[in-house]
Amino acid sequence: MAYKLDSYLKDFSRNIIDLGVSSVYAELVTIFINAFIFILVLTLGDKILKRFIIEVFKIFSNKTKSSFDDFLILTNFPRYIGHIIPLLVFKWFFLELLKDYPDTTYWLLKAFNTYVILLILKIIRSLLRTARNYFQTKEQYFDKPLQSYLQVTMLFLWGIGIFFFILELFDKNAMNFVLQLGAASAVLLLIFKDTILGFVASIQVSINDIVRIGDWITFSKYGADGNVTEINLATVRVQNWDMTYTTIPTYSLISDSFQNWRGMQESGGRRIKRAVFIKQNSVRFLTSEDLVQLKKIQLVAPYIEHMEKEVIRTNRRHEVDDSLPINGLNQTNLGVFRKYIDAYLYENPAINKDLFLMVRHLAPTSQGIPLEIFCFSHDKRWENYEHIQADIFDHIIAAVKYFDLEIFEEPSSRDITNFLTHRNL
């Protein structure tokens, strides 16, 4: 093959000389004309070959059940593969065409090898992207930061590629270059500080399972409150509940504190923790008449009856003077109300009884006594959770008056106006 090409070039050069061109220029004209024609033919052949390979891949992918080959087409893998044969032909032709020009051949080989390194990197990147897209369709990999894995791998491969680029272009000895690179490492660390931090953070986030795609996180420092939609080498993308997006540096996930709601989502319920403020001057001891009325409330009647017996037994044992309610043991309207809320929560089917449930007093404040409800709803979906919580407190607020208690509320301008009007009357 090489012999035929050599004979063809010599014949072509002789024909140029026959046209009156000197032998020196005839050789150059032969090279330029044949190089131009060859590049045109090779470009056309490259396009035809790429189209052929792509069509073959499509036919093959349509006959297979796996979607992996479909993703190969989407990431241009067949197109990159289609370059291989034209490149080999290009190298063979030009080495023969320019064999009498060693300096030109030298630089041509460098350009060729550099492009081959770039093509290899593109083929590997295409395979990695294909793998990422394929695994993202699998349920077990849906919450894994595959984009971050891809970027970390590609960063490493590009580093190797740049290393070989430099060795190829500047004819450097590999060991000497490594030593020189080590001397410049301080500068490189400063320039690529964010990239290196993101690289290390991505590995830690992945290995320690700190955040997954789909996790609900709250990151006050960056104003993020929503679901994680993407994790990559440099940033974590969060879609907030108002449908806006917040971008967080990946290394912030290991350097700063944030809240991940995955534990709640994977648990048996979502916490309800809220208080109503009871006016302190509305708290009092209950009389026997009060107890008779409160026994009509079915949820708290068993408790009142049990406590009545306990009060009588205890006061008799200690010979308590019951002319004053403060003496001995007596029930209060707030205590009975607290037990009523407790019984109401245990009867509520929306509350998970297997998780912690408590009704408690907090320290009194200038706004009254906080009566806090602490429990967990079965349904963890936000909208349903809010409905359950609202229903509970609707009922509690409406039930307060049956226990002769008052909820604290700061007076409005209308309350003050009514007070002054009645005062003047």
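In what follows, every heavy atom counts, from backbone to side chain, and hydrogens, waters and symmetry copies are set aside.
Look at Asp379 and Arg270 and you find no salt bridge, because none of the NZ, NE, NH1 or NH2 atoms lies under 4.0 Å from a carboxylate O. Using a cut-off of 4.0 Å between Lys/Arg side-chain N and Asp/Glu carboxylate O, Lys295 and Glu308 are scored as salt-bridged. Electrostatic pairing of Lys273 and Glu372 counts as a salt bridge here, judged by a charged N lying under 4.0 Å from a carboxylate O.
Inter-residue side-chain proximity for Trp241 and Asn227 is flagged as met; some heavy-atom pair is nearer than 4.5 Å. Contact check for Leu253 versus Phe219: side-chain heavy atoms found under the 4.5 Å cut-off. Counting heavy atoms from C-beta outward, Thr229 and Tyr245 have side chains that approach closer than 4.5 Å. Residues Leu334 and Ile369 are in side-chain contact: their nearest non-hydrogen atoms beyond the backbone lie under 4.5 Å apart. Inter-residue side-chain proximity for Asp290 and Asp404 is flagged as unmet; no heavy-atom pair is nearer than 4.5 Å. Lys122 places a side-chain heavy atom less than 4.5 Å from the side chain of Leu118. A 4.5 Å side-chain heavy-atom check between Asn333 and Phe285 finds every atom pair outside the cut-off. A 4.5 Å side-chain heavy-atom check between Ile272 and Tyr385 finds at least one atom pair inside the cut-off.
Between the side chains of Glu386 and Trp382, at least one donor-acceptor pair of N or O atoms lies under 3.5 Å. For the 3.5 Å distance criterion, the side chains of Glu289 and Thr287 qualify, holding a donor opposite an acceptor. Defined by atom type and a distance below 3.5 Å, a donor-acceptor pair is present between the side-chain atoms of Asp225 and Trp216.
Of the inter-residue distances, the one linking Glu305 atom CD with Leu291 atom CG reads 10.5 Å to the nearest 0.5 angstrom. Atom-to-atom distance recorded for Leu355:CG and Cys375:SG is 10.0 Å, nearest 0.5 angstrom. Atom CZ of Arg317 and atom CG of Asn315 lie 9.5 Å apart (nearest 0.5 Å). Distance check: Arg313 CZ to His318 NE2 gives 12.0 Å after rounding to the nearest 0.5 Å. Rounding to the nearest 0.5 angstrom, the gap separating the CZ atom in Arg316 from the OG1 atom in Thr314 is 11.0 Å. Here Gln298 contributes atom CD and Glu347 contributes atom CD; the two are 10.0 Å apart, rounded to the nearest 0.5 Å.
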Side chain to side chain contact (heavy atoms under 4.5 Å, CB included) assessment of Glu230 paired with Val236: CA-CA 6 Å; Glu230 183 181 346; Val236 174; over 6 Å; no

Verdict with reasoning, Leu345 to Val359, per side chain to side chain contact (heavy atoms under 4.5 Å, CB included): CA-CA 9 Å; Leu345 293 176; Val359 181; 3.9 Å; yes

Side chain to side chain contact (heavy atoms under 4.5 Å, CB included) evaluation trace for Thr235 with Ile248: CA-CA 5 Å; Thr235 59; Ile248 302 169; over 6 Å; no

Steps toward ring-ring contact (aromatic ring centres under 6.0 Å, His included) verdict (Phe376, Phe356): CA-CA 7 Å; Phe376 292 83; Phe356 196 72; 7.8 Å; no

Lys339 and Met307: CA distance, side-chain angles, deciding distance, side chain to side chain contact (heavy atoms under 4.5 Å, CB included) verdict: CA-CA 11 Å; Lys339 289 296 181 182; Met307 284 303 299; over 6 Å; no

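A donor-acceptor pair is defined here as one N or O able to donate and one able to accept, closer than 3.5 Å; such a pair exists between the side chain of Lys380 and the backbone of Ser267.
Paired with Ile341 under the rule side-chain contact (heavy atoms from CB on, under 4.5 Å), one option of Ile373, Leu299, Val276, Ile392 passes, and it is Ile373. The residue from Val292, Thr332, Leu294, Asn330 that alone fulfils the side-chain contact (heavy atoms from CB on, under 4.5 Å) condition with Leu286 is Leu294.
No more than 12 heavy-atom neighbours from other residues, nucleotides or ligands sit within 6.0 angstrom of CZ on Arg381. By the 6.0 Å contact criterion, OH on Tyr222 is enclosed, its count of non-hydrogen atoms from other residues, nucleotides or ligands being greater than 12. Heavy-atom neighbours of Glu409 CD from other residues, nucleotides or ligands within 6.0 Å: at or below the threshold of 12.
Annotation: side-chain hydrogen bond (donor to acceptor under 3.5 Å, both in side chains) contacts of Tyr251 (sequence neighbours excluded): none.
When all heavy atoms of Leu157 and Ile124 are compared, the closest pair comes out as CD1-CG2, 3.3 Å. Closest heavy-atom contact between Ala399 and Tyr340: CB-CE2, 4.0 Å. Closest heavy-atom contact between Ile278 and Val283: CG2-CG2, 4.4 Å. For the pair Pro370 and Thr365, the tightest heavy-atom approach, listed with the atom from each and the gap, is CG-CG2, 4.2 Å. In terms of heavy atoms, Asn352 sits closest to Gly268 at ND2-O, 2.9 Å. Closest approach of Ser282 to Glu406, counting heavy atoms only: OG-N, 3.2 Å.
The six-membered or imidazole ring of Phe277 lies away from that of Phe408, with a centre-to-centre distance of 6.0 Å or more.
Pairs of residues two or more places apart, or lying in two chains, that qualify as salt bridge (charged side-chain N to carboxylate O under 4.0 Å, His left out) and include a residue from residues 248-268 are Asp209-Arg262, Arg212-Glu266, Asp215-Arg262, Lys221-Asp256.
Ring-plane geometry between Tyr344 and His395 is classed as parallel, the angle between the planes falling under 30 degrees on a 0 to 90 degree scale with a further cut at 60.
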